[in-house]
4 protein chains.
Amino acid sequence: MTQRTPAVARAPGRRSRRTSGDVEEAILAATLEILDEAGFKDLTVEAVAARAGAAKTAVYRRWPSKVPLVVDALARSQPALVAPDTGDLRSDMIALWKDLAIGGQRSIERLLPVVTAYLGTDDLMALVRERFFEPRLQAVRTVVARAAARGEIRADADTGLAFDLLFGPLAYRWLRGVPPDDDTISRLISMAIEGLQPRDDGAST
Amino acid sequence: MTQRTPAVARAPGRRSRRTSGDVEEAILAATLEILDEAGFKDLTVEAVAARAGAAKTAVYRRWPSKVPLVVDALARSQPALVAPDTGDLRSDMIALWKDLAIGGQRSIERLLPVVTAYLGTDDLMALVRERFFEPRLQAVRTVVARAAARGEIRADADTGLAFDLLFGPLAYRWLRGVPPDDDTISRLISMAIEGLQPRDDGAST
Amino acid sequence: MTQRTPAVARAPGRRSRRTSGDVEEAILAATLEILDEAGFKDLTVEAVAARAGAAKTAVYRRWPSKVPLVVDALARSQPALVAPDTGDLRSDMIALWKDLAIGGQRSIERLLPVVTAYLGTDDLMALVRERFFEPRLQAVRTVVARAAARGEIRADADTGLAFDLLFGPLAYRWLRGVPPDDDTISRLISMAIEGLQPRDDGAST
Amino acid sequence: MTQRTPAVARAPGRRSRRTSGDVEEAILAATLEILDEAGFKDLTVEAVAARAGAAKTAVYRRWPSKVPLVVDALARSQPALVAPDTGDLRSDMIALWKDLAIGGQRSIERLLPVVTAYLGTDDLMALVRERFFEPRLQAVRTVVARAAARGEIRADADTGLAFDLLFGPLAYRWLRGVPPDDDTISRLISMAIEGLQPRDDGAST
DNA sequence: CCATAAGCGAGACGGTACGTCTAGTCTTATC
DNA sequence: GATAAGACTAGACGTACCGTCTCGCTTATGG
């Protein structure tokens with residue numbers, strides 16, 4: 001007898017049930033593959049299921065439709081966003097930007113626009129906020145806070161504004177079909193930082 | 001009846017319309033209506049044709065598919081973008097922003113993300129660039145040039161950067177589902193302008 | 001310009017592409033083929049459409065589901081049931097029987113049981129009655145009436161009973177999986193006729 | 001309680017049931033209930049299992065699929081068919097008929113057509129013959145044999161024909177959706193009997 | 001000034017994918 | 001070791017639109 005003991009190899013405190021193949025992972029992986037190859041428009045649940053070697057039922061059991069599936073797959077595919085700590089605000093920000101801008105075919109700034117139209121429910125938008133925007137915002141907060149602690153910028157710098165200034169133009173560039181080059185990144189960041197720096201004259205706006 | 005002539009696609013030598021009803025306009029109007037009511041996702045060519053009182057054939061005779069139809073409808077619905085001329089860069093920019101930010105349910109920053117996923121061909125993207133982004137860029141150019149002429153900012157200010165700094169955060173805000181308020185607009189613009197201002201010292205880029 | 005004139009090459013008043021009548025026939029033919037080959041259980045609308053070279057839509061446009069389709073296909077496949085007229089009741093009945101009993105793989109007595117379970121609505125059952133049972137009943141009526149006119153049987157013979165006696169055992173045989181042979185048919189008909197014949201003693205029942 | 005042993009599938013040396021509930025009976029009972037309520041078409045194994053408070057596994061462990069389950073359930077639900085013995089062929093036959101004709105929602109003449117389509121295997125058809133038709137045939141044989149012994153009919157009367165004449169029209173009536181009334185039964189039986197009666201002496205009933 | 005052909009509304013056509021349902025198999029944990 | 005529970009693969013269901021195509025009608029020139 002074959003003495004199936006897949007449970008042994010598993011993490012101790014993890015989930016209760018588990019079938020032969022890890023269907024969920026296979027589906028998510030297939031989703032990302034097809035997303036890369038064919039784009040969102042041509043991604044069909046049937047193709048996902050087929051590539052995952054799963055039944056459509058297995059997909060629909062977990063996600064109500066294609067959009068939440070894609071959102072989830074994207075969310076999980078995002079590498080953990082660590083706030084860089086180079087000791088210099090500008091370097092930190094460049095690092096952050098490149099992480100997202102250069103990094104990913106699947107960066108949310110690139111793919112989310114595609115999906116946004118289909119985010120019907122508030123639930124889903126909330127998920128997107130939580131999974132995508134919050135980590136970015138948090139990373140910016142960390143970086144900015146460190147810079148403030150170092151005295152690079154004034155303590156009351158508006159992180160939210162910095163956030164929009166950092167990622168907004170990036171997203172917009174993609175939207176326009178004109179991906180930013182390194183120099184553009186560098187200059188945009190300069191501008192963003194300038195707004196956060198201590199003012200010589202002390203006055204604001 | 002006033003024999004309305006369709007705004008576009010009317011070559012000079014072409015012979016004039018034959019039927020009483022202006023099918024083309026009806027279709028575009030129906031498209032915009034459905035876009036407003038149901039969004040891009042739930043816009044179907046059949047619904048457009050039905051609402052326009054036209055046959056699907058009449059739609060497909062003019063536009064190869066749903067996406068170009070929507071792009072065209074959006075393009076024509078955009079009000080002419082006039083570069084404001086208040087005598088002050090900041091005021092000009094705020095005026096520009098508000099025009100687009102507050103103005104339209106159908107502003108391209110709001111709707112384009114929806115469509116981007118489907119902009120398969122370069123042709124279509126080119127059209128989008130020509131119809132949507134170019135007028136904005138031109139308006140910014142005008143405003144910035146006037147400011148430079150007034151000496152508000154240095155003559156070699158990078159208009160492209162300014163453009164991204166102006167509209168990027170706006171689009172990003174919509175993407176995030178957090179529409180910008182007046183104060184945010186004001187502060188973002190301050191930051192954008194700062195990057196264009198003449199530098200006293202000449203430190204940093 | 002290419003001067004499209006496909007109509008010229010066509011049969012006089014006939015169709016061009018593949019007219020609705022064509023599709024309908026193709027679908028019905030495919031239905032009967034699959035019914036013969038695979039039986040009702042394994043007949044799927046998808047297979048029918050595929051074999052007919054039609055889209056599923058084309059099937060569902062005409063029939064709400066599989067059962068009415070099958071009923072219709074069977075109904076149309078039934079050859080026109082002509083009441084035989086041999087000048088002899090017994091010969092007429094044998095002819096009638098064989099027509100149905102021997103004739104058809106698709107005789108309704110053979111296939112209807114299969115479908116009966118799915119005849120949910122009264123509408124459909126009414127259709128079945130009209131298409132299948134009524135012609136048989138009518139044929140029996142004709143045959144019996146002629147025999148009565150000839151004086152072979154009494155004038156008030158109950159055609160309804162004769163009908164059940166003729167076709168009931170036939171259907172039952174098929175149900176039992178024991179198709180009747182010629183001799184059995186002959187003997188069953190003898191019995192049926194006996195009940196219709198004039199009684200020597202003049203009494204009835 | 002009496003620890004009911006399931007009627008079938010209980011080999012002698014098998015050891016007795018372990019769990020408290022009699023799963024097998026529960027499943028069969030649920031099958032019959034759903035058959036009565038919803039009909040064969042809408043009977044699903046899942047519904048059966050649910051109503052029986054059993055797992056689908058428990059069903060499939062015993063019956064290979066839905067059809068054998070239904071056949072089995074029907075077979076067991078049939079009351080023992082006892083050949084009536086009134087001392088008169090006609091009365092015996094009427095009794096027999098009514099037993100089946102009037103009696104059962106679940107009479108096989110009524111339900112078998114439904115199932116026939118699915119009796120793929122010969123095994124199953126053999127089971128049906130053994131469980132349903134053979135008892136009927138046997139009962140007719142008994143009744144006819146007694147009548148022959150009494151001299152009511154000739155000794156070589158064909159029981160098989162009598163069988164078909166008795167139950168065929170009954171089944172056919174159901175098929176047609178026109179259940180027979182008492183008078184019809186009476187008259188059909190008269191006809192059937194006539195065919196079995198001794199012919200030499202002519203008439204008389 | 002009538003004939004003709006272009007454009008029209010209508011809607012069926014072959015397709016693709018949807019999201020649902022049920023079948024029958026298989027796995028797990030419980031008792 | 002059989003149970004209840006329920007996830008699994010498989011595949012048909014009936015629906016909604018896609019983009020194409022034919023049909024007759026209408027209409028406005030252009031021969």
Side-chain angles (χ1 to χ4, degrees), chain A residues 4 6-7 16-21 23-24 42-50 52-66, chain B residues 15-21 23-24 42-50 52-66, chain C residues 1 3-4 6-7 10 15-24 26 42-50 52-66, chain D residues 15 17-21 23 42-47 49-50 52-67:
Chain A
R4 285 193 76 270
S16 55
R17 191 192 176 84
R18 158 110 173 208
T19 343
S20 52
V23 180
E24 191 158 325
D42 294 330
L43 180 147
T44 69
V45 174
E46 292 195 336
V48 167
K56 283 199 314 181
T57 323
V59 176
Y60 283 109
R61 193 172 293 122
R62 293 161 219 280
W63 298 275
S65 71
K66 162 178 158 175
Chain B
R15 66 180 204 278
S16 64
R17 184 167 300 280
R18 289 168 57 268
T19 48
S20 55
V23 180
E24 189 160 326
D42 294 329
L43 180 146
T44 69
V45 173
E46 292 193 337
V48 167
K56 285 196 327 179
T57 325
V59 177
Y60 283 109
R61 216 189 313 280
R62 293 163 220 281
W63 297 275
S65 73
K66 161 177 157 174
Chain C
M1 190 178 286
Q3 173 95 6
R4 285 193 76 270
R10 267 186 271 132
R15 52 268 171 78
S16 59
R17 176 209 203 178
R18 177 148 137 122
T19 246
S20 77
D22 275 340
V23 177
E24 190 158 326
D42 294 330
L43 180 148
T44 68
V45 174
E46 293 196 335
V48 167
K56 281 200 315 181
T57 323
V59 177
Y60 283 109
R61 216 189 312 279
R62 292 160 221 278
W63 298 275
S65 71
K66 161 178 159 175
Chain D
R15 71 176 200 282
R17 185 166 300 280
R18 289 170 57 269
T19 47
S20 55
V23 180
D42 295 329
L43 180 146
T44 69
V45 174
E46 290 192 340
K56 284 197 327 183
T57 325
V59 177
Y60 283 108
R61 217 190 314 279
R62 292 162 223 278
W63 296 275
S65 73
K66 162 178 158 175
V67 176

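Naming: A, B, ... by sequence-line order, numbering from 1 per chain.
No contact: C:Ala49 has no heavy atom under 4.0 Å from any strand. Residue contacts shown for C:Ala47 are absent, as no nucleic acid heavy atom lies under 4.0 Å away.
Using modelled atom types, one side-chain atom of A:Lys66 and one backbone atom of A:Leu43 make a donor-acceptor pair closer than 3.5 Å.
Each of C:Pro64 and A:Ala55 has a nearest nucleotide on DNA chain F; the 5'-most of these lies closest to A:Ala55. Both C:Arg61 and B:Ala54 lie close to DNA chain E; mapped to their nearest nucleotides by heavy-atom distance, the more 5′-ward contact belongs to B:Ala54. Between C:Ala58 and A:Leu43, the residue whose closest nucleotide on DNA chain E is further toward the 5' end is C:Ala58.
Out of F:dA12, E:dC18, E:dG24, the shortest distance to the side chain of C:Thr44 is found at F:dA12. Checking E:dC8, F:dT3, E:dG19 against the side-chain heavy atoms of A:Ser65 singles out E:dG19 as nearest.
Using a 4.5 Å heavy-atom cutoff, the side chains of C:Trp63 and C:Val45 are not in contact.
Distance, A:Glu46 CD to E:dG15 P: 16 Å, rounded to whole Å. One interatomic measurement links the two molecules: OH of A:Tyr60 to C1' of F:dC8, which rounds to 17 Å at whole-angstrom precision. The nearest whole Å value for the distance from the CG atom in A:Asp42 to the P atom in E:dT16 is 13 Å. Nucleotide F:dC13 holds its P atom 15 Å from the CH2 atom of C:Trp63, rounded to whole Å.
Applying the 3.5 Å distance criterion, the base of E:dG24 shares a donor-acceptor pair with the side chain of D:Lys56. D:Thr57 contributes a side-chain N or O that forms a donor-acceptor pair with the base of F:dG6 under 3.5 Å.
For A:Arg62 and F:dC8, the shortest distance from a side-chain N or O to OP1 or OP2 is below 4.0 Å.
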